[in-house]
> 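Here's a structure for you.
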Number of protein chains: 2
Amino acid sequence: MSTVGTTELDAQALLTRPKRADARRNYEKVLAAAREAFAEGGEATALEEIARRAGVGIGTLYRHFPNRQALLEAVYMDEVEVVCRSAAELQDGDPWEALSAWFESLIGYLATKRALAAELLDYMDKDASLFQVCRKSLFSAGEPLLERAQAAGVVRGDVTIADVIQMVMGIGKIPATDPAQTGHLLRVALDGLRYTPKS
Amino acid sequence: MSTVGTTELDAQALLTRPKRADARRNYEKVLAAAREAFAEGGEATALEEIARRAGVGIGTLYRHFPNRQALLEAVYMDEVEVVCRSAAELQDGDPWEALSAWFESLIGYLATKRALAAELLDYMDKDASLFQVCRKSLFSAGEPLLERAQAAGVVRGDVTIADVIQMVMGIGKIPATDPAQTGHLLRVALDGLRYTPKS
DNA sequence: TGACAACCGGAGGGTCCCTCCGTATAGTTC
DNA sequence: GAACTATACGGAGGGACCCTCCGGTTGTCA
């Protein structure tokens, strides 16, 4: 192996090499079809069905997304960005209102994408480094909102953004019999946030 | 169809007819194997594997439990009873302590059976009449605890047992990175229960 | 013990996941 | 624009799993 040096360079280049135009196109087509199919048909949609929708062979789907989870994560990445952006837009205004509004939107988002969210929560504890990244960015999007509320003294100091997001997502994940119930639960839980325990 | 009357009777009898001894034995063997397998191998254990563990043919498994969900529900029924009984044992003592102790145990229970609980929550919104029964009994087990706490004025009046259990289960379902986090979240949420909103 | 209803086992059809490889095409060079 | 090659495509097919069906076996009762 006298070419180790060049081999490593090649490997490096491979990671950033621009894809061919048709490959890029198909990647997008599959992603769009997946987003649509998961939203409609739920978590269990067959990947072959998604390939068909995208007008692409199953082999192509698998080249771009080596398995179901990879595809799920890619779809999720997109969606997470939407929620993160909505946090950025709430940076001013009443701190408590901003925080709870963001949670409302998070819940609302989870409600429409329940199937997807469910699938993702199930994958959560498996090794999903990409998913960890999403979670991180969700955290750092929400953190300023929380800290502002804590600085204003309207939220107890002993909770982290990780705590709160997990809690909200847990509530959002609940398949409530009555859809209004979820909102009610969120408000109860948020009241828990306002309460400041005697240190 | 002049025999409609008797046919109905037969159908009725069919539901309660005592099963043959070997059938009863196999039913129990499958149930035990399933309980064990789901706890160990997680939600996705192949039913064929469970049949193998039970020392029974796959056909036999399917005769007793027509599909995966039916088996899941049967296992769950057993487990739910344990939690319900623990509620009954907490009927006296400080109302708030009793209620939160029950939730702690519910959470602890979910933690050890995460895989099972996850699977069940996913099936929750599908048509699962048997599962609805379980939920009902969980509700009626917890209801006295909640009502006592509300009567004592230590829990806000505008929540139902359905609300609270859903909330607790949602939190319990969260795959927390740090196991202590779940306990912390529960306490925050419970603080929300103490808070009484100005009517 | 005989007869039959109840029950058992596992082969097999269908679906889905993912891999592999022969074929097609985008991009590049002259 | 022709020829060449790395890159990408499609779909057949192997393996796993779900569930059904039916010929053979066993418990039960007279």
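Each chain gets a letter, A, B and so on, in the order the sequences are listed, and its residues count up from 1.
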> Expressed in angstrom and rounded to an integer, what is the separation of B/E49 atom CD from C/dG10 atom P?
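Taking atom P of C/dG10 as the reference, CD of B/E49 is at 15 Å.
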> I want to confirm an ordering. Mapping B/T45 and A/R24 to their closest nucleotides on DNA chain D, which one lands closer to the 5' end?
A/R24
> How long is the line joining CG of B/L71 and C1' of D/dC17, in whole Å?
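Rounding to the nearest Å, CG of B/L71 and C1' of D/dC17 are 15 Å apart.
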> Side chain of A/Y62, heavy atoms from C-beta onward: which of D/dC19, C/dC7, C/dC17 has the nearest atom to it?
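Closest nucleotide to the A/Y62 side chain: C/dC17.
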> Would you tell me if any nitrogen or oxygen in the side chain of A/H64 comes within less than 4.0 Å of OP1 or OP2 on D/dA8?
no
> After noting the C-alpha distance and the side-chain angles of B/T45 and B/E40, does the key distance pass the side chain to side chain contact (heavy atoms under 4.5 Å, CB included) rule?
CA-CA 9 Å; B/T45 310; B/E40 279 178 33; over 6 Å; no
> Could you please spell out the steps behind the side chain to side chain contact (heavy atoms under 4.5 Å, CB included) verdict for A/L71 and A/I50?
CA-CA 11 Å; A/L71 181 55; A/I50 290 173; 4.2 Å; yes
> Give a yes/no answer on whether the side chain of A/N26 brings an N or O atom under 4.0 Å of OP1 or OP2 in D/dC9.
yes
> Go nucleotide by nucleotide along DNA chain D from the 5' end; which of B/D22 and B/G59 gets its closest nucleotide reached first?
B/G59
> For A/L61 and C/dC16, what is the distance between atoms CG and P respectively, to the nearest whole Å?
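These atoms are roughly 14 Å apart.
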> C/dC8 P sits how many Å from B/F65 CZ, rounded?
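Checked: the CZ to P distance equals 11 Å.
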> Would you mind reading off the distance between B/R25 atom CZ and C/dC7 atom P, rounded to a whole angstrom?
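About 12 Å, once rounded to whole Å.
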> Could you tell me how far apart B/L47 (CG) and D/dT20 (P) are, to the nearest whole angstrom?
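Whole-Å distance recorded here is 11 Å.
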> Looking for any heavy atom pair under 4.0 Å, which part of the strands does B/I58 touch: base, sugar-phosphate only, or nothing?
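It contacts base atoms.
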> Does A/A23 offer a backbone N or O that forms a donor-acceptor pair with the side chain of A/N26 under 3.5 Å?
no
> Check this for me, if you would: do B/E81 and B/R85 make a salt bridge, where the nitrogen-to-carboxylate-oxygen distance has to be below 4.0 angstrom?
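The answer is yes: the pair qualifies as a salt bridge.
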> Mind calculating the distance between NZ (B/K29) and C1' (C/dG9) to the nearest angstrom?
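That distance rounds to 12 Å.
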> Quick check for you: among C/dA6, D/dA6, C/dC8, whose closest atom lies nearest to any side-chain atom of B/R20?
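Shortest atom-to-atom distance from the side chain points to C/dA6.
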> With nearest nucleotides of DNA chain C determined for B/E48 and B/Y27 from heavy-atom distances, which residue corresponds to the more 5′ nucleotide?
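Nearer the 5' end of the strand: B/Y27.
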> Which nucleotide in the set D/dC18, D/dC9, C/dG9 lies at the smallest distance from any side-chain heavy atom of B/T60?
C/dG9
> Rounded to the nearest Å, what distance is computed from the CD1 atom of residue A/I50 to the C1' atom of nucleotide C/dC18?
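That distance rounds to 14 Å.
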> Would you say A/R68 places a side-chain N or O within less than 4.0 Å of OP1 or OP2 belonging to C/dC17?
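The answer is yes; a side-chain N or O of A/R68 sits under 4.0 Å from OP1 or OP2.
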> So that I can tick it off, tell me whether A/E49 and A/R53 are bridged by a salt bridge, with the cut-off set at under 4.0 angstrom between side-chain N and carboxylate O.
yes
